[in-house]
Asks: 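Starting off with a structure, shown below.
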Amino acid sequence: REAFLCGFEHKVYQPKCEKDMKTLLRGLFISSGHIVDPNKEYYLTLSFNNEYMDYIYALLCSMDMEPKALKRNDEYILYYKESERIEDFLTIIGAGKFAMQLMEAKVLKETRNNLNRLNNAEIANMMRTAEASAEQTDAIKKLEKHGRLSHMSEAVQETARLRMQFPELNLEQLREKHSRPISKSGLY
């Protein structure tokens, strides 16, 4: 109780054990801590006056939890921006449930970002395929209009027929439709 109140009231306290240090930090976090919504960013702060900041900084460093420090107006702030450090801090102060929620939010955010990246890559590939197909069908139509397609090799004529029949397919898919084996570069 004494350790918690000293942390809550920003008073120096000589912890008798590790549990006292954790309880002191819990009181400190409740009175002057702040954590940003992990769906937006990862940021945990502890705010106080200069003398107490030095004491808490040393205490956290002794626990291998070295924070970053800054001064904003007349307020001194210790902070963590790394999700792992924030999770560790929350676990230390006995807020394991919230540390787990932060981990879940991080996993969801990473999964969403990965899906968006994959989706963007897939859309870009589809756009390139569509643009290439449009160029190829235009070229085929010009060859047909001028009567030149019929003078080309049988493989080129088959490729042209397949392209006109399946304009949405990429080269690899079009290659698989060919009646005889042909490489992707040969098809191109």
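Note that the coordinates shown come from a computational prediction; the quantities given were computed from them, not determined experimentally. Quick note: residue numbers are just sequence positions, from 1.
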Asks: I'd like to check T45 versus Y80 (side-chain heavy atoms, cut-off strictly below 4.5 Å). Are they in contact?
Replies: no
Asks: Please find the pair of heavy atoms, one from S83 and one from L102, that lie closest to each other, and give the distance.
Replies: O-CD2, 3.7 Å
Asks: Hey, quick one: are F4 and L28 part of the same hydrophobic cluster, counting side-chain heavy atoms closer than 4.5 Å, chains of contacts allowed?
Replies: no
Asks: Are side-chain heavy atoms of L90 and I35 found at a separation under 4.5 Å?
Replies: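 Yes, their side chains come closer than 4.5 Å.
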Asks: Any side-chain heavy atom of N113 sitting closer than 4.5 Å to one from K109?
Replies: yes
Asks: Say whether S47 and H34, considering side chains only, have a donor N or O and an acceptor N or O under 3.5 Å apart.
Replies: no
Asks: For residues V12 and C6, report the shortest heavy-atom separation together with the two atoms involved.
Replies: O-SG, 4.4 Å
Asks: Are L171 and F166 connected in the hydrophobic side-chain network, where two residues link if heavy atoms are under 4.5 Å apart?
Replies: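 As far as the 4.5 Å side-chain criterion goes, F166 and L171 are connected within one cluster.
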Asks: Would the distance check show the side chain of E135 and the main-chain N or O of A132 forming a donor-acceptor pair, the cut-off being under 3.5 Å?
Replies: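 Between the backbone of A132 and the side chain of E135 there is no qualifying donor-acceptor contact (under 3.5 Å).
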Asks: Tell me, please, which residues at least two apart from E104 pass side-chain contact (heavy atoms from CB on, under 4.5 Å).
Replies: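 So E104 forms no side-chain contact (heavy atoms from CB on, under 4.5 Å) with any residue.
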Asks: How about E176: does its CD atom have over 12 heavy atoms from other parts shown lying under 6.0 Å from it?
Replies: yes
Asks: Over all heavy atoms of both residues, which pair between A155 and R180 is shortest? Give the atoms and the distance, please.
Replies: N-NH2, 3.6 Å
Asks: Show the atom names and distances, to 0.1 Å, of all donor-acceptor pairs under 3.5 Å that link a side chain in residues 63-78 to residues at least two apart or in another chain.
Replies:
from, atom 1, to, atom 2, distance (Å)
E66, OE2, Y57, OH, 2.8
K68, NZ, E82, OE2, 3.0

Asks: Enumerate the ring pair (Phe, Tyr, Trp, His ring centres under 6.0 Å) contacts for residues 7-27, please, sequence neighbours excluded, ordered by first and then second residue.
Replies: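 For residues 7-27: H10-F48, H10-Y52.
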Asks: Decide side-chain contact (heavy atoms from CB on, under 4.5 Å) for R112 and L115; before the verdict, give the C-alpha distance in whole Å, the side-chain angles of both, and the deciding distance to 0.1 Å.
Replies: CA-CA 5 Å; R112 198 172 320 131; L115 287 174; 5.8 Å; no
Asks: How far apart are the closest heavy atoms of R163 and Q136, and which atoms are they?
Replies: NE-OE1, 2.7 Å
Asks: Do S31 and E9 come within less than 4.5 Å of each other through their side chains, counting heavy atoms only?
Replies: no
Asks: Identify the heavy atoms of Y43 and I86 that sit nearest to each other, and give their distance.
Replies: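 Taking Y43 first and I86 second, the nearest heavy atoms are N-CD1, 3.4 Å.
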Asks: Is a side-chain donor-acceptor pair under 3.5 Å present for R117 with N120?
Replies: no
Asks: Looking at K81 and E41, is there a salt bridge between them, counting it only when a charged N and a carboxylate O are closer than 4.0 Å?
Replies: no
Asks: Would the number of heavy atoms belonging to other residues, nucleotides or ligands and lying under 6.0 Å from CE of M100 be above 12?
Replies: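 No, not enclosed.
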Asks: Any pair with a residue in residues 87-101 that passes salt bridge (charged side-chain N to carboxylate O under 4.0 Å, His left out), sequence neighbours left out, goes on the list, sorted by first then second residue, please.
Replies: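 Output for this query lists E87-K106.
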Asks: Would you mind writing out the side-chain donor-acceptor pairs for residues 137-154 within the sub-3.5 Å range, not counting sequence neighbours?
Replies:
from, atom 1, to, atom 2, distance (Å)
T137, OG1, S133, O, 3.1
T137, OG1, A134, O, 3.0
S153, OG, V156, N, 3.2

Asks: When hydrophobic residues are tied together by side-chain contacts of less than 4.5 Å, even through go-betweens, does M53 share a cluster with Y79?
Replies: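 The answer is no; the residues belong to distinct hydrophobic clusters.
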Asks: Pair L60, F89 - check side-chain contact (heavy atoms from CB on, under 4.5 Å), show working.
Replies: CA-CA 9 Å; L60 288 167; F89 182 86; 4.0 Å; yes
Asks: What residues, two or more places apart in sequence or in another chain, satisfy salt bridge (Lys or Arg N to Asp or Glu O under 4.0 Å) together with E172?
Replies: R175
Asks: Flag yes if L59 and L46 sit in one hydrophobic cluster, no otherwise; membership is Ile, Leu, Val, Met, Phe, Trp, Tyr, and two members link when side-chain heavy atoms are under 4.5 Å apart.
Replies: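 Same hydrophobic cluster.
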Asks: Might you point out which heavy atoms bring A99 and T91 nearest each other, and give the distance in Å?
Replies: CB-OG1, 3.5 Å
Asks: Taking CD in E18 as the centre, count heavy atoms belonging to other residues, nucleotides or ligands within less than 6.0 Å. Is the count above 12?
Replies: no
